[in-house]
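The analysis underlying the following values was restricted to heavy atoms, covering all of them including side chains, and did not include hydrogens, waters or symmetry mates. Source: prediction; values computed, not measured.
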Amino acid sequence: MIDTVYRSEDAPAGERFERWRELIDRSRANEATSEHAGDFRAELRVLELGPVTVWRSSFSPAHFRRSARRVRQSDTEVYHLSLLTAGTLTQRHERGVSATIGTGGLLVDASWQACEALASATPSGPAADGEPGVVAGVGVDLPKSLLPLPQRQVDRLLARELSVRDGAGALLADFLCGLHRHADGLRPTDAPRLGTVTVDLVSAFFAHALETEGALEPESRHEVLVRRIRTFIRQNLPDPELTPGVVASAHHISVSHLHRVFTQRSRGETVAAWIRSQRLEKARDDLANPSLRALPIHAVGERWGLPRASDFTRAFRSAYGLAPSEYRRQALGEQPGPPDGS
């Protein structure tokens, strides 16, 4: 799931820019040039989260161009998000729309549109993230088919300066930056769930930025709501007081509306059942994690909002056919020990 794709210091000085340029061209179909090609500095680290890619990069100032010809050759119908953590970024689209962002800004572009971008380092003073004289940021590439919002509305966000200083934007930015801070502790089994959370947060952020949720088609509006609800639940699983009532209150809707919308998009599964299944899934991951083998069984349950050991054991056995202790022994290849509750 995690791969450090490129560090300029690992390549001969004369090859650094060309190797980086080839990586950028493959990932975003952008032709890159730089006045600093002779002494180019860059690092690119990528997380593959199912169909979603999240990358963190820092690089010397550069110019990017995606021509109409390249679009015809390589369009993959992907939205690209660029969150800047150091420097400035100016983006111009083929339709003549342009925007410039600084640190803390976010721009969106689409693989099916020609555009160009100029990334510049902060004129003076240390960079906010990385070395002085280097542009830095976090990017997301996700297929447009994963978003619940109509393309015609999302396309209104292209080449617009979007803020991530508060609300849904701040939540998205914190999540993306946190992914890379904790990347070394992630496992391959985390990738699909983290990809889903990324799509949920991007969807909520786009809907918030458009300020048209009330005008969205009912199906799209409900899908965004359910994605927000699922993200909220995942973030609050450790809280044993997390109930459908708490979830409904946090989203300013009635419990009956919560159940109606959620079950329609969860094949009849209730909110309470989904909370329980997510808690058990997290507990199962912990039980199979060698680094947590010393954590008592009851503490694993408490860690995910299941504080009563008997309830945790009963629910786990019902879901997976084994008691938590039995599952841990099998997952870690350990010898049988005392039964749960002894």
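Between the side chains of S58 and E43, no donor-acceptor pair of N or O atoms lies under 3.5 Å. Donor-acceptor pairing under 3.5 Å is recorded for the side chains of D141 and H80. T231 and D200 share a side-chain donor-acceptor pair at under 3.5 Å. In the model, S82 has a side-chain atom that pairs as donor or acceptor with a side-chain atom of R28 under 3.5 Å.
Taking all atoms of both residues into account, the shortest heavy-atom contact from H93 to A110 is CE1-N, 4.5 Å. A99 and L107 make their closest contact through CB-CD2, 3.9 Å (heavy atoms, listed as atom of the first residue, atom of the second, distance). Between T263 and E269 the shortest heavy-atom distance is CG2-O, 3.5 Å. The two residues C177 and V138 make their nearest non-hydrogen contact at SG-CG2, 4.2 Å. Considering every non-hydrogen atom in both A207 and V224, the closest pair reads CB-CG1, 3.9 Å. In this structure, F205 and G169 approach most closely via the heavy-atom pair CD1-CA, 3.4 Å.
Rounded to the nearest 0.5 angstrom, D190 CG and L49 CG are separated by 9.5 Å. For the atom pair L194 CG and L47 CG, the distance stands at 8.5 Å (nearest 0.5 Å). In this structure, E116 CD and N30 CG are separated by 10.5 Å, a value rounded to the nearest 0.5 Å. Put simply, CD on E31 and NE2 on H63 are 10.5 Å apart, with the number rounded to the nearest 0.5 Å. Separation of atoms NE2 (H259) and CD (Q264) is listed at 13.0 Å; rounding is to 0.5 Å. Here I275 contributes atom CD1 and L280 contributes atom CG; the two are 12.0 Å apart, rounded to the nearest 0.5 Å.
Formation of a donor-acceptor pair under 3.5 Å by the S111 side chain with backbone atoms of V78 is found in this model. Judged purely by atom type and a 3.5 angstrom limit, H180 has no side-chain atom pairing as donor or acceptor with the backbone of L176. In this structure, S318 contributes its side chain and A315 its backbone to no donor-acceptor pair below 3.5 Å. One N or O on the side chain of T196 and one on the backbone of P192 form a donor-acceptor pair closer than 3.5 Å. Looking at R187, its side chain does come within 3.5 Å of a backbone N or O of D285 through a donor-acceptor pair. Between the S8 side chain and the R16 main chain, no donor and acceptor come within less than 3.5 Å of each other. One N or O on the side chain of R66 and one on the backbone of Q113 form a donor-acceptor pair closer than 3.5 Å. At distances below 3.5 Å, not a single donor-acceptor pair connects side-chain atoms of S266 with backbone N or O atoms of G268.
Between R92 and T90 there is a side-chain heavy-atom pair separated by less than 4.5 Å. Under the 4.5 Å side-chain criterion, counting only non-hydrogen atoms from C-beta, H208 is in contact with R228. Side-chain atoms of L225 and L258, non-hydrogen and from C-beta on, never get closer than 4.5 Å to each other. You'll find the side chain of L322 reaches within 4.5 Å of the side chain of Q330, heavy atoms only. Using a 4.5 Å heavy-atom cutoff, the side chains of R276 and R279 are not in contact. Between V97 and Q91 there is no side-chain heavy-atom pair separated by less than 4.5 Å. Annotation: side chain of T88 is not in contact with side chain of T103 (no heavy-atom distance under 4.5 Å). The shortest side-chain heavy-atom distance between L106 and S163 does not fall under the 4.5 Å cut-off.
Sorted by first and then second residue, the ring pair (Phe, Tyr, Trp, His ring centres under 6.0 Å) pairs with a member in residues 279-325 read F312-F316, F316-Y320, F316-Y327; sequence neighbours excluded. For the ring pair (Phe, Tyr, Trp, His ring centres under 6.0 Å) condition, the pairs that include at least one residue of residues 27-55, sequence neighbours left out, are F17-F40, W20-F40. The ring pair (Phe, Tyr, Trp, His ring centres under 6.0 Å) pairs that include a residue from residues 97-118 are Y79-W112, where partners are two or more places apart or lie in different chains.
With a 6.0 Å radius and a threshold of 12 heavy atoms from other residues, nucleotides or ligands, R308 has its CZ atom at or below the threshold. By the neighbour-count criterion of 12 heavy atoms within 6.0 Å, atom CD of E35 is sparsely surrounded, having that number or fewer from other residues, nucleotides or ligands.
Annotation: cation-pi pair R230/F262 present, NZ/CZ under 6.0 Å from the ring centroid and within 45° of its normal.
Under the 4.5 Å side-chain contact rule for hydrophobic residues, L118 and F64 do not share a cluster. One hydrophobic cluster holds both V5 and F59 under the rule that ILVMFWY side chains link at heavy-atom gaps under 4.5 Å. Following chains of ILVMFWY side-chain contacts shorter than 4.5 Å, one can reach L146 starting from L210, so the two form part of one hydrophobic cluster. Put simply, V261 and V255 are part of two different groups of oily side chains (I, L, V, M, F, W, Y) that touch within less than 4.5 Å, one to the next.
When each of D286, V300, I297 is tested with P324 by the rule side chain to side chain contact (heavy atoms under 4.5 Å, CB included), just one qualifies, namely I297. L89 pairs in a side chain to side chain contact (heavy atoms under 4.5 Å, CB included) with only one of the listed residues (I101, T100, L83), which is I101.
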* Begin from the C-alpha positions of L179 and F175 and carry the test side-chain contact (heavy atoms from CB on, under 4.5 Å) through to its verdict. => CA-CA 6 Å; L179 273 177; F175 174 77; 3.7 Å; yes
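Salt bridge annotation for R21-E18: present, with a cationic side-chain nitrogen under 4.0 angstrom from a carboxylate oxygen. Between D311 and R314 there is a salt bridge, since at least one side-chain N of the basic residue sits less than 4.0 Å from a carboxylate O of the acidic one. No salt bridge links R234 with E281; every basic N to acidic carboxylate O contact stays at or beyond 4.0 Å.
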